[in-house]
Amino acid sequence: ELDQLEEAAALVPRLSQSEGGRGFDNAGGATFRARLAMKRGTPDVAVRELRQAIESLPTSTELQISLAEALIAAGRT
């Protein structure tokens, strides 16, 4: 699984710069980086990335839920 995470991490810069810099996630790749951070066991990084993503997509319920999960995982509830 670690090899797959590293392979995914290597793709993030390209995904982040697509679509005119908005990234495929429309948040500059922040959602991808947050998912990777959660898989790597670094929820504090995920919280930071999700907050950035929410700035771009403030009405995304999915991102709000992901942020809540990351905050819980980070022990910041």
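Only this structure's heavy atoms are used, side chains among them; waters, hydrogens and symmetry mates stay out.
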Taking the side chain as every heavy atom from C-beta outward, state whether Gln64 and Thr59 have any pair of such atoms under 4.5 Å apart.
no
Roughly how far apart are Asn26 CG and Ser56 OG, rounded to 0.5 Å?
8.5 Å
Are any of the side-chain heavy atoms of Glu49 and Thr31 separated by less than 4.5 Å?
no
Same cluster for Leu50 and Leu71 if Ile/Leu/Val/Met/Phe/Trp/Tyr side chains link at under 4.5 Å?
yes
Considering all heavy atoms, the nearest Met38-Glu69 contact:
CE-O, 4.3 Å
Output for pair (Glu55 CD, Leu63 CG), nearest 0.5 Å, gives 12.0 Å
For residues Leu36 and Lys39, determine if any side-chain heavy atom of one lies less than 4.5 Å from a side-chain heavy atom of the other.
no
Assess the residue pair Arg48 and Arg33 against the criterion (side-chain contact (heavy atoms from CB on, under 4.5 Å)); give the C-alpha distance rounded to whole Å, side-chain angles, the decisive distance to 0.1 Å, and a yes or no.
CA-CA 10 Å; Arg48 183 180 67 239; Arg33 291 188 298 272; over 6 Å; no
Validation row: Arg51, Leu67 side chains within 4.5 angstrom (heavy atoms):
yes
What heavy-atom pair brings Ala70 and Pro43 nearest, and what distance separates the two atoms?
O-CB, 3.7 Å
Quick test of your reading of the model: are Glu62 and Arg35 salt-bridged, counting only N-O distances below 4.0 Å?
yes
